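Lettering follows sequence order; numbering is per chain, from 1. Computed from a predicted structure; not experimentally measured. Note that these values count all heavy atoms, side chains included, but never hydrogens, waters or copies made by symmetry.
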Amino acid sequence: MIDLKYLQNNFEDASSKLQKKGVDTAILEKLQELFTALKAANATLESMKAEQNSMSKLFGQYKREGKDISELKAKVDANKEAMVPVQEKAREAEEALYSVALAMPNFPDDSVPEGADEEDNVELRKVLEPRSFDFKPKEHWELSEINGWIDFERGVKLAKSRFAILKGEASRLERALINFFLDTNRAKGFEEYSVPFINNATMLQGTGQLPKFGDDLFKIEDEDLYLIPTAEVPLTNMYNDEILSEKELPLLMTGYTPCFRKEAGSAGRDTRGIIRQHQFNKVEMVAIAHPDKSEEVFDLMVQNASDILTALGLPHRVVELCGGDLGFSAATTIDLEVWLPGQNQYREISSISNTRDFQARRAKIRFKDGKKNRLVHTLNGSALAVGRTIVAIMENYQNEDGTIEIPEVLKKYM
RNA sequence: CGGGAGAUGUCAGAGUGGUCGAAUGUGCCGGUCUUGAAAACCGGUGAGGGUUAUACCUCCGGGGGUUCGAAUCCCCCUCUCCCGGCCA
């Protein structure tokens, strides 16, 4: 959630920041209004409560002194009755505020480039030259057919469309990649975790998926539980509603989980192959950082993900997202896009974001800064998306006859 | 899933209707003493909101109720532990 006090005190600045994300100033004015209304309603209610409390305290005294309480009781009863509508008003004001505030995206950093969509993202650098082929490189689903790696039909049979089965070498490759990613992250200082794949609504709200993006989540019937769309949710929320000590920071975490996404609104996009599935595997990095040091942690995470791709021999480029393409919770995001020769284009394989204090405020993750409690910064990034890495290996390591080489670094894992 | 017990501050653990945001111990921070440390002693030490700062409001697992007043009484839920069932 954005800092409402900041909005109130720096309205011009806040609204120009959010314009980058395409947020209309009118809704911000509304938000500011709701915030002011809530404060006013609370002030009224609290003073009535104070009066009520002080009168109630007199009862004990009166009884001890043997005084008559009937007059006092009449006063208290009247005040109590008068409080009911005020209380209701305050409750409504709070509800109104949060329904808007929780749907408001994070402020982008000032450094984030202007732009409407992915067309305006800024390429920072390219890493590794794409290999030149002396034949026409095939797309991964063609290669899958030749090698018998992916069973699309039976995946659909078991669940529905956008589910697939990896078979034989492909399945082993997936397992090898997960281990390789985890080992590499661990070597960089990220502690490994194995977490629940189902989280409750409070946690999903903490990281920003709820309440606005519930349609993208698989919900467990009759339970307050959801399949996680990314390990960012459980890893970040491990510290939900906790106060850390400064010396624990930064907390660097990594974990492998499957990710479940309804992909609502993505109908017709990437329907072929396993680029976009309802279930996919991912190894995630999450960091809980001191607010003054989140920048360097961010750089470490970008570098780590890029190094993994380099180690796999996969050409990629580093792209800074523009305001319009930035996710809901992110203040800044760098995507790594891997080269897919079959598709003849770069495709996202990792996305690393600094959410600053946006998630920390929602999830109440703080640390002791001297006497005061201060919000941490939270960061997350893929290292890496496993399914898309398989696609990248298939397309980049294909031979003319459709067979696929295994990258050197993975051989000891298979 | 059925039966029993419980949920209080870092932890342990008092508190069964008013002056309790909460005894005591412990942990942590600071100080005295010490060459230094330990011990001992002294002081401080939950969170959120609000205020220039005070006042003040809220929080004793969560939600609802009774009452002028609830950590304390009632109802529902969740979680933990024990017993049984089921089970990788």
Mate of B:rG27 where both pairing distances stay under 3.5 Å, Watson-Crick or G-U
B:rU45

Pick base, sugar-phosphate or nothing for A:N42, based on heavy-atom distances below 4.0 Å to the nucleic acid.
nothing

Just name whichever nucleotide pairs with B:rU67, Watson-Crick or G-U, keeping both distances under 3.5 Å, else none.
none

Can A:K282 be said to sit on top of A:Y256's aromatic six-ring, NZ or CZ under 6.0 Å from centre and within 45° of the ring axis?
no

Just checking, any donor-acceptor pair under 3.5 angstrom between side chains of A:R91 and A:Q87?
no

Across the strands shown, which category fits A:I243 at heavy-atom distances under 4.0 angstrom: base, sugar-phosphate, nothing?
sugar-phosphate

Any strand counts, and the cut-off is 3.5 Å on both contacts for Watson-Crick or G-U wobble. Which nucleotide pairs with B:rU54?
none

Segment of RNA chain B, first to last nucleotide, that comes within the 4.0 Å heavy-atom reach of chain A
B:rG18 to B:rG69

Is a salt bridge present between A:K20 and A:E114, judged by a nitrogen-to-oxygen distance below 4.0 Å?
no

Under a 3.5 Å cut-off for both contacts, is B:rG2 paired Watson-Crick or G-U wobble with anything, and if yes, with which nucleotide?
B:rC83

Classify the side-chain pair A:S294/A:R356 by whether it contains a donor and acceptor separated by less than 3.5 Å.
yes

Mind checking A:N79 for me? I need base, sugar-phosphate or nothing, with any heavy atom below 4.0 Å counting as a touch.
nothing

Would you mind classifying the nucleic acid contact of A:K49 as base, sugar-phosphate or nothing, using non-hydrogen atoms under 4.0 angstrom?
sugar-phosphate

Is a donor from one side chain sitting under 3.5 angstrom from an acceptor on the other, for A:Q279 and A:Q277?
no

Exercise: do A:N399 and A:E405 side chains pair donor with acceptor under 3.5 Å
yes

